[in-house]
Amino acid sequence: MADHYEVLGVDKSASPEEIKKAYRKLAREFHPDVNPEPSASDRFKSVTHAYDVLSDPRQRQEYDQGGSAGFGGGAQGFGGFSDIFDTFFGGGAPGGGGSGAAPRSRKERGGDALLRVEVDLDEVIFGTKRDLEVNTAILCDTCEGTCCAPGTRAVVCDICHGSGQIQRAVRSLLGNIMTSSPCGTCRGYGTVIPSPCPTCAGQGRVRATRKMTVDIPAGVDTGLRLQLPNQGEVGPAGGANGDLYLEIKVKHHEVYSRNGDDLMATLEVSMVDAVLGSRVRVDALDGELDLELKPGTQSADIITVKDRGVSKLRGGGRGDLKIGVQVVTPTKLSGKEQELMRQFAGSHKSKAPHLAEFQQGLFAKLRDRFLHV
């Protein structure tokens with residue numbers, strides 16, 4: 001094997017900048033796209049391999065110790081203890097493999113994706129469907145994940161001969177031992193792609209917008225994440241798809257709010273309806289609903305309607321609908337209405353205004369009753 005320094009045309013004391021400058025000059029000269037000579041491709045591979053070794057401080061040190069230092073020349077002549085451990089315990093190769101490790105696979109699992117989805121409160125009751133557009137990575141139609149241009153294929157790397165690793169003899173206390181490191185030409189894959197696919201640039205996948213329809217189950221709540229297995233990005237070289245996660249956000253509703261599986265609302269009623277009682281029809285989230293106000297209804301009374309809340313995410317059934325009553329006192333009365341109220345006051349004996357038990361207000365009272373009724 002030719003000396004890497006001679007291949008690049010630099011001295012063994014060359015700095016990293018000098019090595020990089022020499023490589024760039026030779027790469028431009030022998031690149032197959034520029035130089036059509038048959039020998040240019042082999043020369044380009046040798047130059048690239050030499051640069052990969054000498055540009056890496058660790059690999060360069062190992063190469064210098066094994067290739068130029070004489071045995072018995074002091075501590076510099078021996079491979080480091082890390083070389084010894086690498087040899088006997090499998091260091092140096094990707095994934096911790098030794099010289100017998102298999103080359104890397106170009107196929108890798110795709111990444112997971114996260115998408116936020118907003119749903120209305122009424123859609124949460126029974127569940128819904130959503131048509132989504134996902135910007136993701138999909139399989140390249142041109143090469144179908146092979147990464148090669150049509151009519152071509154990957155070829156065995158002639159530097160590592162398909163192993164994905166380069167072995168090198170290193171002197172040590174135990175004598176000459178072999179170490180291995182990823183091949184710089186094929187990057188550990190064992191094969192090279194002479195003609196990458198022009199559509200995906202040799203990646204086996206392209207970016208695209210994919211349309212899909214997903215089911216949003218009943219009972220979801222803000223912050224919940226739904227996992228859709230194998231609906232994420234396709235991996236490099238046509239590897240397995242990752243997963244897609246949908247993060248749910250339930251939109252604010254002007255009338256109804258939610259507490260677990262229960263729905264809550266406030267019903268404003270007049271003094272007359274509260275005193276005499278009444279029947280009223282209201283629009284619930286899943287249809288109209290008839291309510292009965294009993295005579296003498298008070299503010300903060302709760303009307304509970306069973307099984308008209310949100311469907312439970314796990315298990316069957318639905319929560320309840322709890323409606324808090326708020327009696328509205330009129331602020332403006334006509335003269336006749338004021339006279340009628342005075343007559344009512346004269347005929348109805350009631351307690352004079354007095355200090356009573358401290359209350360935190362109507363809404364606090366409603367809240368406490370909502371949560372405990």
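FYI, side chains are in, hydrogens and waters are out, and symmetry mates aren't considered; it's all heavy atoms of this structure.
- Evaluation of the side chain to side chain contact (heavy atoms under 4.5 Å, CB included) rule for His253 yields Leu121, Val255, Tyr256, Leu285 as partners, not counting sequence neighbours.
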What pairs of donor and acceptor atoms, side-chain ones from residues 333-341 against any protein atom, are under 3.5 angstrom apart with sequence neighbours left out?
{"residue": "Ser334", "atom": "OG", "partner": "Glu337", "partner atom": "N", "Å": "3.3"}
{"residue": "Ser334", "atom": "OG", "partner": "Glu337", "partner atom": "OE1", "Å": "3.4"}
{"residue": "Glu337", "atom": "OE1", "partner": "Ser334", "partner atom": "N", "Å": "2.8"}
{"residue": "Gln338", "atom": "NE2", "partner": "Leu333", "partner atom": "O", "Å": "3.2"}

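- Through chains of ILVMFWY side-chain contacts below 4.5 Å, Val275 is grouped with Val272, Leu276.
- Taking Thr213 as the reference, Asp131 meet the side-chain hydrogen bond (donor to acceptor under 3.5 Å, both in side chains) condition, with sequence neighbours excluded.
- Identified under the salt bridge (Lys or Arg N to Asp or Glu O under 4.0 Å) test for residues 265-289, with sequence neighbours left out: Arg279-Glu292, Arg281-Glu288, Arg281-Asp290, Asp286-Arg308, Asp286-Arg318.
- Listed by first and then second residue, the side-chain hydrogen bond (donor to acceptor under 3.5 Å, both in side chains) pairs that reach into residues 141-157 are Thr142-Thr199, sequence neighbours excluded.
- With sequence neighbours excluded, no residue forms a side-chain hydrogen bond (donor to acceptor under 3.5 Å, both in side chains) with Asp221.
- Remark: Arg314 pairs with no residue by the side-chain hydrogen bond (donor to acceptor under 3.5 Å, both in side chains) rule, at least two apart or across chains.
- Remark: Glu17 pairs with Ser15 by the side chain to side chain contact (heavy atoms under 4.5 Å, CB included) rule, at least two apart or across chains.
- Here the shortest heavy-atom pairing between Thr185 and Lys45 reads OG1-O, 3.9 Å.
- Cluster note: Tyr189 groups with no other residue, as no ILVMFWY side-chain heavy atom lies under 4.5 Å from it.
- Applying the salt bridge (Lys or Arg N to Asp or Glu O under 4.0 Å) criterion to Lys251, with sequence neighbours excluded, gives Asp120.
- Listed by chain and residue number, Asp243, Tyr245 satisfy the side-chain hydrogen bond (donor to acceptor under 3.5 Å, both in side chains) test with Gln227 (two or more places apart in sequence, or in another chain).
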